[in-house]
> 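Please read through the structure below; I'll follow up with questions.
In listed order, ligands and their atoms are each counted from 1. Note that the structure is a prediction, hence the values are computed from the model and not measured.
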Amino acid sequence: MTTNKMWGGRFARGPAGIMEQINVSIDFDRRLYAQDIAASKVHARMLASRGIIAQSDAEAINNGLDQIKAEIEHGTFTFSRALEDIHMNVEARLRELIGDAAGRLHTARSRNDQVATDFRLWIRDEIDSLDAGLKAFQRALVAKAATHAATVMPGFTHLQTAQPVTFGHHLLAYVEMAGRDRARFAGARRTVNESSLGSAALAGTSFPIDREQTARELGFAGAMRNSLDGVSSRDFALEFLSACAIMATHLSRLAEEIVLWSSPAFRFIRLSDAFSTGSSIMPQKRNPDAAELVRAKCARITGDLVTLLGVMKGLPLAYAKDMQEDKQAVFDAADSSALSLAAMTGMIEDLQADEAAMRSAAGDGFSTATDIADWIVRVLKKPFREAHHLTGQIVAIAEERNCRLEDLSLGELQSVEPGITADIQSVLTLDASVASRTSFGGTAPENVKKQVHYWQEQLK
Ligand code: ARG
């Protein structure tokens, strides 16, 4: 067993097999290759501009790194588990390509600031792509909401029919949530967008480096002010994970609604063939597997957040190898988030609403009872509490007769409250009910149309 070429100077023999197995991260951190190479190029350029390494060495390093990037992208690069991680795999290959100059790249740097920098760059890219995914998701919802601004459906509390709402209004609720998800990712992006490069192992370096230069060239807002913080904080990753977990929680709620709505017991929507699966035994089945998986992925993503919170809790400063475990959690959450978003966007784009089934369900459960109470308050000037009580008696009659509220005769209504006139019929229909909810943020079709317009402008 040979000793590790990168750090094995004082070791007489190499690591035990099991040591290598527990230590190795190349199987997953190879995903950081592009960021690792970009940061190394910037570092080498800075070292040369500060006279810390020769210009010719910096050029050789730069060209060698370009070649390594091409090799990785063409699949011709041989990753070695003995070289532990992406940083040492790249550097070892650089030595093969350009010789001793490769050894100068690691001047005034450590894998500790290197990995933190790479990881920040990776998460920053991922945030930008998740933001684009969220925007596409919002657009799909807004387009459906525009079609269904006046489509009546039951609104629920406790999953019991409460009051009629419009389907467009319901969909726009998720557009709002997605908007706040995007704001959370934007916040995480600000936290992530600082450079730890030049923190070195933990204490900074005696070389006259220019941390602002490397920060600027990597597109960071600036260099982190404290080297210990630079190498040992992972709150940027936690913030990213929590934004993912909250977003996934929103997606899981919509996923659950899709599962319910597409069930024959509801029949509110029909998913497209492209987003349904069949059963191998029951030919009539159309299963909403994608929605179910989005519902479940939320658990994984939340678990990823809890994993890293657990890893970081109680860790003394500065770097500890525990932090190597940050990557799988973040990669898994990022992949699961992107996939969930894409699947939800596809489902929303394709789904067909069954307006008749929604309307029929909206009329169940005496959903316009509040409208009767409001009419009694407005026209007969009764206090709401008394109107509520009277309406309860009206509902009891309808329940007794097993009919809908709009099917009650004027005589039946007047048997409860003699002051009621035929005018009350005008508020008993579903359309009148939703149309009357014009308060800001309410479900009236005219409001929904305005909100659709607002979002269309926002999402241009
Ligand atoms: N692969 C390591 C990680 O992901 C890189 C940093 C290693 N640093 C060290 N001092 N062993 O955290």
Side-chain angles (χ1 to χ4, degrees), residues 3-11 14-16 18-40 43 65 68 72 77 79-94 102-103 105-126 192 194-205 214 218 224 227-238 240-241 304 307-335:
T3 70
N4 187 296
K5 280 199 239 31
M6 300 292 166
W7 48 249
R10 62 179 284 259
F11 288 81
I18 204 73
M19 176 63 215
E20 182 178 300
Q21 250 185 70
I22 195 169
N23 210 22
V24 71
S25 58
I26 189 61
D27 301 331
F28 50 87
D29 70 14
R30 61 173 70 180
R31 288 184 70 168
L32 299 176
Y33 81 91
Q35 291 76 15
D36 193 68
I37 288 172
S40 287
H43 181 66
L65 289 170
I68 291 170
I72 294 175
F77 188 93
F79 288 101
S80 153
R81 303 188 93 225
L83 289 164
E84 283 182 36
D85 58 23
I86 185 64
H87 323 294
M88 297 203 293
N89 268 269
V90 169
E91 194 183 320
R93 177 67 183 141
L94 189 62
L105 171 60
H106 215 51
T107 313
R109 184 177 81 168
S110 151
R111 276 188 293 155
N112 298 349
D113 58 338
Q114 191 180 355
V115 73
T117 303
D118 297 356
F119 202 32
R120 283 171 179 272
L121 291 171
W122 191 91
I123 291 177
R124 191 177 70 187
D125 287 347
E126 199 58 29
V192 103
E194 291 192 295
S195 180
S196 56
L197 195 58
S199 296
L202 74 166
T205 174
T214 51
L218 290 169
M224 295 178 74
S227 62
L228 292 166
D229 181 43
V231 291
S232 68
S233 59
R234 290 293 182 273
D235 53 297
F236 65 89
L238 289 171
F240 171 72
L241 287 171
D304 291 325
T307 296
L308 189 57
L309 283 168
V311 166
M312 297 310 294
K313 180 197 165 297
L315 264 196
L317 305 192
Y319 178 85
K321 197 64 173 260
D322 309 48
M323 286 184 222
Q324 177 163 286
E325 294 278 319
D326 58 2
K327 282 167 219 67
Q328 285 149 303
V330 164
F331 293 155
D332 183 67
D335 294 344

> What's the spacing between Ser196 OG and Phe236 CZ if we round to 0.5 Å?
7.0 Å

> Would one find more than 12 heavy atoms of other residues, nucleotides or ligands at under 6.0 Å from atom NZ of Lys313?
no

> Which of the numbered atoms in ligand 1 are below 4.0 angstrom from a heavy atom of Gln324?
1 (N), 2 (C), 3 (C), 4 (O), 12 (O)

> Check each atom of ligand 1 against the heavy atoms of Ser25 and keep those under 4.0 Å away; list them by number with element.
1 (N)

> Tell me whether Asp235 contacts the main-chain N or O of Leu238 through its side chain, where contact means a donor paired with an acceptor under 3.5 Å.
no

> Going by the order shown, which atoms of ligand 1 are within less than 4.0 Å of some heavy atom of Lys327?
3 (C), 4 (O), 12 (O)

> What are the atoms of ligand 1, with element, lying closer than 4.0 Å to any heavy atom of Tyr319?
2 (C), 3 (C), 6 (C), 7 (C), 8 (N), 9 (C), 10 (N), 12 (O)

> Taking only heavy atoms of Asp85, which atoms of ligand 1 are found under 4.0 Å from at least one of them?
1 (N), 2 (C), 5 (C)

> Tell me whether Glu84 is salt-bridged to Arg111, with the criterion being a basic N under 4.0 Å from an acidic carboxylate O.
yes

> Check whether any side-chain N or O of Asp113 sits under 3.5 Å from a backbone N or O of Ser110 as a donor-acceptor pair, and report yes or no.
yes

> In terms of residue, atom name and distance, what is the protein heavy atom nearest to atom 11 (N) of ligand 1?
Arg111 NH2, 3.5 Å

> Which residue and non-hydrogen atom of the protein lie closest to atom 9 (C) of ligand 1, and at what distance in Å?
Asn112 OD1, 3.4 Å

> Considering only NZ, NE, NH1 and NH2 on the basic side and carboxylate oxygens on the acidic side, decide whether Arg234 and Asp326 come within less than 4.0 Å.
yes

